[in-house]
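This structure is a prediction, so every number in the text was calculated from the model and none was measured. One-based numbering, in listed order, for ligands and for the atoms of each.
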Amino acid sequence: MNDWTQCVTTPAVSTDGFASFAMPVYRASTIVFPDAEAYATRQQRGDEGYTYGLAGTPTTRALERRITALHGGARTLLVPSGQAAITLAMLTFLAAGDRVLIADTAYPPVRDFAGRDLAKLGIEAVFYDPTSLAEVERLLDERTRLVWVESPGSTTMEVQDLPAIAAAAHRAGALVGCDNTWASPLNFKPLTHGADIAVEALTKFFSGHSDVLMGSITLADAEHARAVRATLGRYGIGVSPDDCSLVLRGMETMPVRLAHASRVAADIVERFAADPAVAQVLYPPRPDSPGHALWRRDFTGASSVFSVVFQPQAVPHVAGALDTLETFAIGASWGGTRSLMAPMPVRRFRTARPWAGDDLVLRVSIGLEDPADLAADIDRFLNHLGAGLDTTSRATGTI
Ligand SMILES: *Cc1c(COP(=O)(O)O)cnc(C)c1O
């Protein structure tokens, strides 16, 4: 072999005796075939066959299978973000003239997608009160092809009765998709509670280190999985095997990270709940949180994300209190090693179930720092709010 050819030829290296726990990163755009016949018949390689890098390499398959096993599904497809998982699931199953019912508490960019892109395609998106089965039943009609669930809901944490919603949707001939990012399949398995499609933002707890974006779509039915795979092929959507290896690594510690962070979260939640500046803590594992009964019935555990609603007089002091934080960072997303707080507006994202509280809800995500450092930060935060309230009360003569 001449030098130039030698330079571009991958040597055949023995893997005999190389037994490792790690899944190698298999990269590829081109897949090569042993002969002309194999190339000509490549589309017959089956659902998980290798034909071109876009549809995955062995690294991609390893991650898909791990997620499929956790969900008890037929097949999982990977996409570049959690938001892409939602939109591509919808685009696969919806067509012009269809209606889709979307929980009012769905991840806000889903509302934007529905209003702009689904509308442009002639698909009618109707938002429903996530706590009202009667409303879902009333809105289901013969055009309804999909009911979208997110439980607990973004920011305001309403828990949905997925088994009842799925039964109603299936009676009406509609599919059910569920964004399961808060719980992860460790704490809730949508497919075993009636959903046809389970979506995860792997960006969060799965990857676990705030350094990769990915989403997964797990289907209960192999034919539906084929339909999603075909959509991804047509749109040219795939994920990097390097990113898959990061998520594969993150997943190995996910159960321990999630269990630890949810234990710490339970303590931090009580610190907030006991403070006079706090009106309500929205965290389904808490007995006085809305949706607690459904959470206890259907979920096997909790994650470490919750929301805090403040007394109206405390709201103007929240921004200053955020600036006193030393361990918590201010930022969106969650599920990483670092604890985060993010003030979220809610009202503009609710149409079917108007938000009656103040338009500032603080979303808190607990990470893996020393719990004592986190507790000290919460004390600083609440002290700042308390001092602000005292000043306000004196100025207005209410004390
Ligand atoms: C973060 C999040 C998403 C989107 O995930 P990305 O990977 O950031 O696009 C979707 N749904 C829920 C509930 C989320 O929290």
For Phe93 together with His224, are the ring centres under 6.0 Å from each other?
yes

If I apply the N/O under 3.5 Å rule, does Ile86 come out as touching ligand 1?
no

With the threshold set at 4.0 Å, does a side-chain nitrogen-carboxylate oxygen contact exist between Arg99 and Asp141?
yes

Closest by any non-hydrogen atom to atom 14 (C) of ligand 1: pick that one out of Gln83, Glu150, Glu200, Lys204.
Lys204

Around atom 11 (N) of ligand 1, find the nearest protein heavy atom and jot down its residue, atom name and distance.
Asp179 OD2, 2.6 Å

Does ligand 1 have a heavy atom under 4.0 Å from the side chain of Trp182, from its backbone, from both, or from neither?
neither

Looking at Arg271 and Asp267, is any side-chain nitrogen of the basic one under 4.0 Å from a carboxylate oxygen of the acidic one?
yes

The protein heavy atom nearest to atom 7 (O) of ligand 1 is Thr203 OG1, 2.5 Å

Assert yes or no for the condition that the ring centre distance of Phe205 to Trp334 is strictly below 6.0 Å.
yes

Number the atoms of ligand 1 from 1 as they appear, then name those within less than 4.0 Å of a heavy atom of Gly82, with their elements.
4 (C), 5 (O), 6 (P), 7 (O), 9 (O)

Hey, can you tell me if Phe306 and Tyr283 have their rings parallel, tilted or perpendicular (30° and 60° cut-offs)?
perpendicular

